[in-house]
Amino acid sequence: MMLDKILIISKYTFKELIKSRILYVTLIIGIALMVVTYVATEFTYGVPEKVALDFGLGMLSLSSVGISLFMGASLLFKEIDSRTVYMVISRPVPRWVFITGKITGLIFILLLNIGILTVMTLTCSYLLGGEINQAILMSILFNFLESVLLLLVVVFLSLFINNTLATIISLTVLLLGHAIKDTKNILFVQQRPYIQYVLDLYHFVLPNFYKLNLKDYVIYNQTLSLDFLLGSFAYGVCYSLFLFFMIIFLFNRKNLD
Amino acid sequence: MLKFENITKIFKPEFFNQPFVALSDVSFEIPSGSMVGFLGANGAGKTTSLKIIMDFIRADKGLVTFSSELGEKRNDVFRNIGFLPERPYFYPNLTGREFLTFMGQISELSSDQIKAGIAKWASRFKIDHALERPLRTYSKGMLQRIGFLATILHEPKLIILDEPLSGLDPIGRKELKDVIVEVHREGKTVFFSSHIVPDIEEICDRVVFLKEGKLVYDGPVDKLLRSGQEIDYVIKFKTDKKINLQSTIKSHQTFPGQLHSITVTESNKKLILKELMALDVDLSGIDLIKPSLEEIFYHIKAN
């Protein structure tokens with residue numbers, strides 16, 4: 001029964017967002033991808049398929065991050081501000097069902113965005129002589145995981161702070177999460193143990209988004225160990241589940257005023 | 001049907017600001033089958049009380065209990081409640097029909113029940129022509145009407161409405177009041193907030209009156225409007241004769257066209273009417289002067 005309600009809420013969240021023309025951005029990116037691919041065939045000698053793949057994966061990542069950040073930040077704010085949440089949770093709908101349905105609906109949007117751009121990227125790359133291998137698909141799966149994790153970070157933050165601040169802090173967490181590994185390797189940091197402690201603490205507590213970024217490995221044909229892939233995947237899933245349960249715990253206790 | 005017992009709610013804003021007491025030890029009861037008005041000026045604590053009843057926010061002290069006729073578990077109780085928030089905006093990109101279907105589905109109605117409910121009420125609320133349009137194209141009154149339709153679609157036993165008549169034109173107010181009365185006659189318990197005395201007086205049998213977070217009255221509407229307080233009437237008439245009445249009047253005004261308007265107390269009304277009839281005046285009308293919210297409050301305070 002509760003699963004049905006989660007699906008109903010996610011279905012209408014998906015419908016509402018689709019009709020808000022959010023996917024126009026995806027289509028514009030798709031068209032840009034085709035234009036860049038065409039230009040690449042004229043100016044890059046020998047590797048146009050790599051340019052198409054690089055640009056496609058980059059845009060796919062950027063658009064998913066954009067959707068997670070901006071849609072995630074307003075997911076709860078808009079519901080409370082427009083009092084729609086009152087209509088829904090005044091029915092036999094527990095709060096955890098409501099928030100799970102809303103997040104699931106937005107995850108479906110992310111899936112659709114990634115699905116459309118994946119098809120376009122792979123088509124362009126394939127037409128230019130590139131091959132579709134497991135590593136590309138793995139990179140896209142990890143990209144999806146990254147955008148879901150970011151979505152949960154921004155929804156989590158929006159439970160305490162306003163949506164603008166939640167967006168800015170989440171973006172900062174994303175950038176730091178990508179930069180943390182390289183930052184720790186800088187000689188300046190390695191020579192200063194106290195900075196290392198801070199970075200270790202950050203590394204331990206906040207999401208390490210770099211673990212979910214496989215684009216460079218794909219573009220430069222680097223091999224990935226199964227242990228690394230499984231470890232990174234488990235990290236992303238576990239961190240997402242932790243945030244998801246924290247969101248439910250806090251939303252159940254939140255004063256909706 | 002519903003007991004609101006010794007509720008206190010204190011809002012604690014940011015640092016340095018003083019805590020704000022929104023509700024102070026407020027208790028009242030909504031009897032089953034009644035139509036209860038929730039009266040109070042803006043900021044009196046009406047919406048806060050409704051949010052506590054609906055569990056959107058938690059009280060610092062006190063308890064809200066629902067009678068067993070609504071159900072034992074939380075989901076059973078909320079299956080039997082219809083709540084309409086103040087000035088709702090809903091999902092702007094969904095059509096009216098999609099929104100109602102969504103509300104019906106989460107209220108555990110079958111698709112046949114949803115279709116029958118929409119067919120029954122949409123034409124009554126005069127929104128049947130707009131059901132396929134996105135909600136962002138609806139006027140304020142249409143949103144209020146579709147919101148009320150969504151509230152009663154699952155045939156709840158208890159209907160709670162937060163300022164349902166605000167933002168409606170006179171015709172819209174009349175239509176919505178008629179439907180509220182109709183669903184009440186079908187056996188539903190209705191509890192609705194308003195800061196407009198005539199709205200409550202017109203359709204409610206009981207009233208709960210809040211002032212600055214405190215309960216000042218809980219009882220029949222008539223008693224609130226009349227108990228111990230002299231009701232005044234305005235009598236309007238036309239005459240070319242000089243008026244010199246024996247009985248006491250509160251005020252006398254004259255207007256162009258030999259129109260006179262006198263204000264009298266309820267106890268003097270009959271005597272003065274007899275005198276006016278004896279003077280053979282052309283009677284234009286008698287109106288009851290309804291006390292304002294503030295007058296009622298000060299009267300209650302004085303007593």
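Bear in mind the structure is a predicted one, so any value in this text is a computation, not a measurement. We use all heavy atoms of the structure for the numbers below, so side chains are in, but hydrogens, waters and symmetry mates are not. Protein chains get the first letters and strands the later ones, always in sequence-line order, with residue 1 at the start of each.
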Taking atom [atom1] of [X] as the centre, report whether more than 12 heavy atoms of other residues, nucleotides or ligands fall under 6.0 Å from it.
X        : atom1 : answer
B:Lys177 : NZ    : yes
B:Glu212 : CD    : no
A:Phe160 : CZ    : yes

Handout entry: Polar side-chain atom of B:Arg79 near backbone of A:Arg91 as donor-acceptor pair, under 3.5 Å
Key =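 No, because the side chain of B:Arg79 does not come within donor-acceptor range (under 3.5 Å) of the backbone of A:Arg91.
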
Exercise for the section: Using atom types as modelled and distance alone, determine if a side-chain donor or acceptor of A:Asn255 lies under 3.5 Å from a backbone N or O of B:Arg58. Expected result: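 A pair under 3.5 Å: yes.
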
Where is the tightest heavy-atom contact between [X] and [Y], given as atom of each residue plus distance?
X       : Y        : answer
A:Lys5  : B:Ile106 : CE-O, 3.7 Å
B:Asp55 : A:Arg95  : O-NH2, 2.8 Å
B:Phe78 : A:Ile89  : CD2-O, 3.8 Å
A:Met87 : B:Ala150 : CE-CB, 3.9 Å

Handout entry: Interface residues of residues 47-54 of chain B facing chain A - non-hydrogen atoms under 4.5 Å apart
Key = B:Lys51, B:Met54

Using side-chain heavy atoms (C-beta onward) and a distance below 4.5 Å, is [X] in contact with [Y]?
X       : Y        : answer
B:Phe99 : A:Glu16  : no
A:Lys19 : B:Glu98  : yes
A:Asp4  : B:Glu108 : no
B:Ile81 : A:Ser90  : no

For [X], which atoms come within 4.5 Å of any heavy atom of chain B: side chain, backbone, both, or neither?
X       : value
A:Ile9  : both
A:Val97 : neither
A:Lys78 : neither

Handout entry: Which atoms of B:Ile160 approach chain A - backbone, side chain, both or neither, heavy atom under 4.5 Å
Key = neither

Handout entry: Contact winner vs chain A - B:Gly82, B:Gly147, B:Pro156, B:Pro92, heavy-atom pairs under 4.5 Å
Key =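 If we count pairs closer than 4.5 Å to chain A, B:Pro92 comes out on top.
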
Problem - A:Tyr86-B:Phe56 aromatic ring centre distance below 6.0 Å - result: yes

